[in-house]
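Reading through the C-alpha cells given below for one structure.
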2 protein chains.
Amino acid sequence: MSASATQTAYEQLRASLLAGLYQPEEKLKISELGASFSVSPGAIREALARLTAEGLVIAMPQRGFRVAPVSVADLRDLTDMRIEIETKCLRRAIANGDLAWETAVVAAHHRLAATPIATADGRFSPAWMLAHGDFHTALAQACGSAWMMRVRDLLFVHNERYLELARKADRGNRDAAREHRELMEAALARDTERAVTIMTVHLGNTRDTIEAALLATTAMSAAR
Amino acid sequence: MSASATQTAYEQLRASLLAGLYQPEEKLKISELGASFSVSPGAIREALARLTAEGLVIAMPQRGFRVAPVSVADLRDLTDMRIEIETKCLRRAIANGDLAWETAVVAAHHRLAATPIATADGRFSPAWMLAHGDFHTALAQACGSAWMMRVRDLLFVHNERYLELARKADRGNRDAAREHRELMEAALARDTERAVTIMTVHLGNTRDTIEAALLATTAMSAAR
DNA sequence: TTTCCTGGAAAAATCTATTTTCTGTTCTGA
DNA sequence: TCAGAACAGAAAATAGATTTTTCCAGGAAA
C-alpha cells in the first residue's frame with residue numbers, strides 16, 4: 001500500500017496518456033476509468049483535474065474530460081519553444097556544471113546507450129523512454145534554475161506524447177543514438193556552441209520525424 | 001447557476017491566494033475551506049489539486065495542502081526567467097504585430113493609466129491588478145506562439161502573488177506608470193532594442209521592490 | 001420526401017454525506 | 001525521563017443522490 005488511490009490513478013493515467021493508449025480528443029469517461037483502476041469516481045476526478053492543469057487533458061464543464069488535441073502547428077510551436085529553453089538550459093549547465101553533473105551525464109548516457117530503443121511489437125520501450133528523459137534532464141540539471149527546469153519538464157512531457165503517437169515512423173530511420181553521444185561529448189568538452197548546435201538539430205530532427213508520421217496518420221484517416 | 005461548484009471554489013480560492021489572504025506555508029484545511037465556501041470537501045480537494053499543478057499550492061500526501069512557500073532566491077529565479085520569456089515575446093510581438101495588436105496595446109494602456117493603483121486601505125486595487133495584467137498580456141499577445149504565452153502566463157501569475165505579498169512597500173516610491181508608458185511608446189514605434197531594455201529594467205525594478213519588502217517582512221517576523 | 005423541431009428517456013458528470021484511514025499528540029506507566 | 005499506547009483531529013476514499021447533458025424517436029412544416 002504505497003501511495004494513495006488518487007496518486008496511483010494519476011500516475012497510471014498519466015503513463016497511459018504518454019504511452020498513447022488513448023487517441024487525442026477521445027472522451028475520458030470517469031466511470032469507465034474508475035472501473036478499470038477500481039477506484040471511485042472522486043479519485044479519478046482529482047487525477048483528471050491535475051492532468052488538466054498540466055495540459056495533457058482538457059476539461060469541458062459539465063461535459064467531462066477529453067484527451068488534449070494534437071496538431072502539426074502545435075508541434076512546431078512546441079518545438080520552437082523547446083529549442084529556446086533547452087539551449088538556454090544547456091548553456092547555463094555547461095557554464096555551471098561541476099564534476100557531479102559530468103558524472104550524472106556520463107551515467108545517464110551509458111544507460112541510454114545500453115537500453116534497446118524498441119520492444120518486439122514496435123513501440124518505444126518504456127525503459128528507453130525513461131532513460132531518454134533522464135539523459136536530457138541530467139544534461140539540463142546544472143542550469144541552476146528551478147523555474148527553468150520546471151518549464152523544461154512541462155515541454156518535454158508534451159513532446160513525449162507526440163513521440164509516442166508517431167512512434168511507428170521512427171524505427172531506425174535516424175541516428176538518434178549518435179546525436180545523443182555527440183551531445184554528451186560536446187557538453188563534457190564544454191564546447192557550448194557545438195552542443196547548442198547539436199541540440200538544435202536534434203530537436204529539429206525529432207520534430208520532422210514526428211511531423212511526417214502525423215501527416216501520414218492524418219492522410220490515412222482522411223482516406224479511410 | 002453559472003458555473004459548477006468546483007469551478008467557483010477554484011476561482012475564489014485562486015483569487016484569495018493571489019490577493020495574499022493566506023500566508024505562505026499556511027495550512028489549508030479542507031473542512032474549513034469547505035465551510036467558508038459552503039461546498040463539500042470533495043469539490044475543495046479538486047480545486048486544490050488544480051492549484052497544486054499550477055504551483056500555487058503544494059500537496060503533502062496524507063497531510064493535506066499548504067500555500068506554496070516564497071523566498072528571495074525563488075523570486076530572483078522567477079524574475080530571471082520572466083525577463084527571458086517576456087523579452088522574447090516582446091521581440092516577436094514587435095516583429096509580427098499588426099494594427100489590431102497596436103490598437104489593443106493602446107486601449108489596454110489607456111485603461112491602466114486611468115485606473116487608480118491603490119485602494120484607500122493601501123492594497124493594490126483589484127481593478128489595477130486586472131488592467132496591469134491585461135496590458136502586459138496585450139503587449140505579448142502578438143508573439144504568435146501559444147506555448148510562449150502559456151509559459152508567460154504561468155510566470156506572471158506567480159509574480160502577481162509576490163507583488164501582493166509585498167504591496168506595502170510599493171506605494172509611490174517608483175514610477176511604474178512612466179515605465180508602462182515608455183514601454184508602450186517603444187513597442188508602437190517598433191524600437192525593439194529600446195522596448196527590450198525598458199522591459200528588462202521594469203522587471204528588475206519590480207523584483208528589487210518586492211525583494212526589499214520581503215526582507216523587511218522577514219526581519220519583522222524574526223524580531224518579533 | 002426531407003429537414004427541423006420537440007419531448008422524453010438514458011447516460012454521464014457532479015455534488016454531498018459518510019466511512020475509513022492516517023498522523024500527530026498526549027497521557028500513563030515503568 | 002522515556003517508551004508505548006490510546007485518543008483526537010484531519011485527510012482521503014467511497015457510495016449514493018442530484019443535476020445536467022446527450023441521444024433518439026416521433027411529428028410537423030417546407
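Residue numbers start from 1 in every chain, and the chains themselves are labelled A, B, ... in the order their sequence lines are given, proteins ahead of strands.
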Of the listed nucleotides [options], the one nearest the side chain of [X]:
X: Ile30(B); options: dA12(C), dA11(D), dT22(D); result: dA11(D)
X: Lys27(B); options: dA10(D), dG24(C), dT14(D); result: dA10(D)
X: Arg63(B); options: dT14(C), dA13(C), dG24(C); result: dG24(C)
X: Ala5(B); options: dC15(C), dG24(C), dT14(C); result: dC15(C)
X: Lys29(A); options: dT14(C), dA11(D), dA13(C); result: dA13(C)
X: Ser40(A); options: dT14(D), dT21(D), dA13(C); result: dT14(D)
X: Ser31(A); options: dT14(C), dA13(C), dT16(C); result: dA13(C)

Exercise for the section: Check each residue of residues 43-51 of chain A for a non-hydrogen atom within less than 4.0 Å of any atom in DNA chain D, then write out the ones that pass by number, or none. Expected result: none
Practice task
May I ask you to evaluate whether Thr6(B) reaches the phosphate of dT14(C), defined as a side-chain N or O under 4.0 Å from OP1 or OP2?
Solution key: no
Problem - Centroid-centroid under 6.0 Å between His109(A) and His132(A) rings - result: no
Check: [Y] main-chain N/O paired with [X] side-chain donor or acceptor under 3.5 Å:
X: Glu26(B); Y: Gln23(B); answer: yes
X: Asp77(B); Y: Trp147(A); answer: yes
X: Trp101(B); Y: Leu139(B); answer: yes

Rounded to whole angstroms, how far apart are [atom1] on [X] and [atom2] on [N]?
X: Arg66(A); N: dA13(C); atom1: CZ; atom2: P; result: 10 Å
X: Phe65(A); N: dA13(C); atom1: CZ; atom2: C1'; result: 9 Å
X: Tyr10(B); N: dC15(C); atom1: OH; atom2: P; result: 15 Å
X: Glu32(A); N: dA11(C); atom1: CD; atom2: C1'; result: 11 Å
X: Gln62(B); N: dA11(D); atom1: CD; atom2: P; result: 11 Å

Practice task
Report yes or no: do Thr137(B) and Arg152(B) form a side-chain donor-acceptor pair below 3.5 Å?
Solution key: yes
Handout entry: Test item: side-chain donor near acceptor, Glu211(B) and Tyr162(B), under 3.5 Å
Key = no
Practice task
State, yes or no, whether a side-chain contact exists between Val67(A) and Val57(A) at a heavy-atom distance under 4.5 Å.
Solution key: no
